[in-house]
Amino acid sequence: MITLDGGQGEGGGQIVRTALTLSCVLGVPVGIQHIRAGRNPAGLRHQHVTAIQAAAEICGAKVSGAQPGSEKVTFEPGGAVQAGSYEWMVGTAGATTLVLQTVLLPLALANGVSEVRIHGGTHVPNSPSGHYIRDVFVPMLLSLGADVQVFMETYGWVPEGGGILVASIAGNAKLQGQQMVKRGPIERIVGSAIGCNLPSNIPQRIANRAINLLEAVDAPLDIRPMRTKSVSTGAGIFLTAEYNNGRGGFGVLGRKGMPSEVVAEQAVTALLDFHGSGAAVDERLADQLIVPLVLAEGESRFSTPTITDHLRTNIHVVNAFLDRSITIEGSQVVIGA
């Protein structure tokens, strides 16, 4: 059994999710101690428990310690990952996207088609939004060779949740390494300004401000206001910059007392900083790509604006499972063939 220290590096739930993904794919048992030791409160939260339960269900794993607050868990796969129809409830506004990321690659590599429905939050602070998964992460998986589709049936915001994230996964993926150092020209900027259970002028103002700020970028713009309904109320903007050989996603969640224009300005500022960096993938996508790229055939190389603690931590976890060269060369990450 591989043993990991959940408090090392960035010390968050990412260590648990990456370990679960690799344990499922490789059939290797793993034990994790000091889970989220650097967080307050420490230990597993509801979305982590759901991710463990979901991973256990797809591979028949034997699990101990999977309850909220637990700082130690063991996970022993019972066999190969089984494709199928799955449905999981995170509860309240727990991040559905983090649960999906845990099981997405194992199911993409499994023998057969899978359908997944996850209930909870789709737009949650400190987690990738449903828009980010759909518009940034999934297109990258498609370029690697996975056949995945993701959409949000309903949106779920803090604190009520009520969102539903749906994924269709073809399975039998043959992942191929990628070279994403020079991103090439920008092709377009797309985005959605969302107002859920709010007046229509709010998403319109967010979208208008973003469009005005982005007019200086020489690229087609398609940023649309959208008014939706759900059991929870929320607002935000979610932008994707698409390049010939790269991609970045930038989102800001609104909050009470935060002007619509400020929501747009913060997201646009992050996008413009990335655009000016010349990097091929944004810093969040960089750490999310480590696992699929180490499972892909051939060498991979990509550039990113910042080498984050999340990225270094993910590399550390991967190295515990696989004897594969992963090096950092300045602003580039190189995964050996």
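Each residue takes its place number in the sequence, starting with 1.
Look at Glu71 and Arg36 and you find no salt bridge, because none of the NZ, NE, NH1 or NH2 atoms lies under 4.0 Å from a carboxylate O. In summary, Arg209 and Glu261 do not engage in a salt bridge, as defined by a charged side-chain N under 4.0 Å from a carboxylate O. Checked for salt-bridge contact, Lys174 and Glu297 miss the test: no charged N lies under 4.0 Å from a carboxylate O. Using a cutoff of 4.0 Å between basic side-chain nitrogens and carboxylate oxygens, Glu10 and Arg312 are not scored as salt-bridged.
In this structure the side chain of Leu98 never reaches within 4.5 angstrom of the side chain of Thr50, judged on heavy atoms. Side-chain contact check for His119 versus Glu87: some heavy-atom pair is nearer than 4.5 Å. Within the 4.5 Å cutoff, side-chain heavy atoms of Ile194 are placed close to those of Tyr155. Here the side chains of Phe250 and Arg284 are in contact, with some heavy-atom distance below 4.5 Å. With a 4.5 Å cut-off on side-chain heavy atoms, Pro292 and Met140 do not count as touching. In this structure the side chain of Ile189 reaches within 4.5 angstrom of the side chain of Leu271, judged on heavy atoms. In this structure, Val73 and His48 have side chains that are not in contact, with every pair of non-hydrogen atoms separated by 4.5 Å or more. Residues Asn319 and His316 form no side-chain contact, since every pair of their non-hydrogen atoms from C-beta on lies 4.5 Å or further apart.
With hydrogens and angles disregarded, a donor-acceptor distance shorter than 3.5 Å links the side chain of Asn245 to the backbone of Gln179. The backbone N or O of Gly162 sits less than 3.5 Å from a side-chain atom of Thr154, completing a donor-acceptor pair. The backbone N or O of Arg17 sits less than 3.5 Å from a side-chain atom of Thr21, completing a donor-acceptor pair. Side chain of Ser70 to main chain of Gly65: a donor-acceptor pair is present (N/O by atom type, distance under 3.5 Å, no hydrogens or angles). In this structure, Ser277 contributes its side chain and Ala279 its backbone to a donor-acceptor pair below 3.5 Å. Between the side chain of Thr96 and the main chain of Leu165, no donor-acceptor pair closer than 3.5 Å is present. Checking side-chain atoms of Thr3 against main-chain N and O of Gly31 turns up no donor-acceptor pair under 3.5 Å. Not one N or O on the side chain of Ser260 forms a donor-acceptor pair closer than 3.5 Å with the backbone of Arg205. Between the Arg227 side chain and the Leu198 main chain, a donor and an acceptor come within less than 3.5 Å of each other. A donor-acceptor pair is defined here as one N or O able to donate and one able to accept, closer than 3.5 Å; such a pair exists between the side chain of Arg324 and the backbone of Gly336.
The CG atom of Asp309 lies 10.0 Å from the CD atom of Gln8; values are rounded to the nearest 0.5 Å. Put simply, CG on Leu44 and CD on Gln67 are 7.5 Å apart, with the number rounded to the nearest 0.5 Å. In this structure, CD in Gln101 is found 12.5 Å from CG in Leu20, a value given to the nearest 0.5 Å. Rounded to the nearest 0.5 Å, atoms CG (Leu293) and CD1 (Ile326) are 9.0 Å apart.
In this structure, Ala83 and Leu107 approach most closely via the heavy-atom pair CA-CD2, 4.4 Å. Nearest approach of Ile237 to Ala267, heavy atoms of both residues: CG2-CB, 3.5 Å. Of all heavy-atom pairs between Arg134 and Pro139, the closest is O-CD, 3.2 Å. His123 approaches Leu253 most closely through the heavy-atom pair CB-CD2, 3.8 Å. Nearest heavy-atom pair, Val99 versus Ala51, reported as atom, atom and distance to 0.1 Å: CG2-N, 4.0 Å. Across every non-hydrogen atom of Val263 and Gly254, the tightest pair is CG2-CA, 3.9 Å.
A side-chain donor-acceptor contact under 3.5 Å links Asp282 and Tyr132. A side-chain N or O of Gln14 and one of Asp287 form a donor-acceptor pair less than 3.5 Å apart. Counted by atom type alone, His310 and Glu283 present zero donor-acceptor pairs between their side chains at under 3.5 Å. Gln149 and Ser168 are not linked by any side-chain donor-acceptor pair at a separation below 3.5 angstrom, with hydrogens and angles left out of the test.
Using the six-membered ring where Trp is involved, Tyr86 and Trp88 have ring planes that are parallel, under 30° apart on the 30 and 60° scheme. Classification of the Phe238-His131 ring pair by plane angle, with boundaries at 30° and 60°, yields parallel.
The residue from Ser64, Cys24, Pro29 that alone fulfils the side chain to side chain contact (heavy atoms under 4.5 Å, CB included) condition with Phe75 is Cys24. Tested against Val333, the residues Thr327, Val181, Ile307 include a single side chain to side chain contact (heavy atoms under 4.5 Å, CB included) partner, Ile307.
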Chi angles and distances behind the side chain to side chain contact (heavy atoms under 4.5 Å, CB included) call for Leu104, Leu141: CA-CA 10 Å; Leu104 190 54; Leu141 289 185; 3.6 Å; yes
Quick one, Leu144 with Gln178, criterion side chain to side chain contact (heavy atoms under 4.5 Å, CB included). Give me CA distance, side-chain angles, the key distance, then yes/no. CA-CA 7 Å; Leu144 296 180; Gln178 296 287 300; 3.0 Å; yes
Does the side chain to side chain contact (heavy atoms under 4.5 Å, CB included) test come out yes or no for Ile118 and Ile164, once each step is laid out? CA-CA 6 Å; Ile118 309 174; Ile164 302 175; over 6 Å; no
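Counting heavy-atom neighbours within 6.0 Å of His46 NE2, excluding the residue itself, gives a total of 12 or less.
Cation-pi geometry between Arg183 and Phe274 is satisfied (NZ or CZ under 6.0 Å from the ring centre, within 45° of the ring normal).
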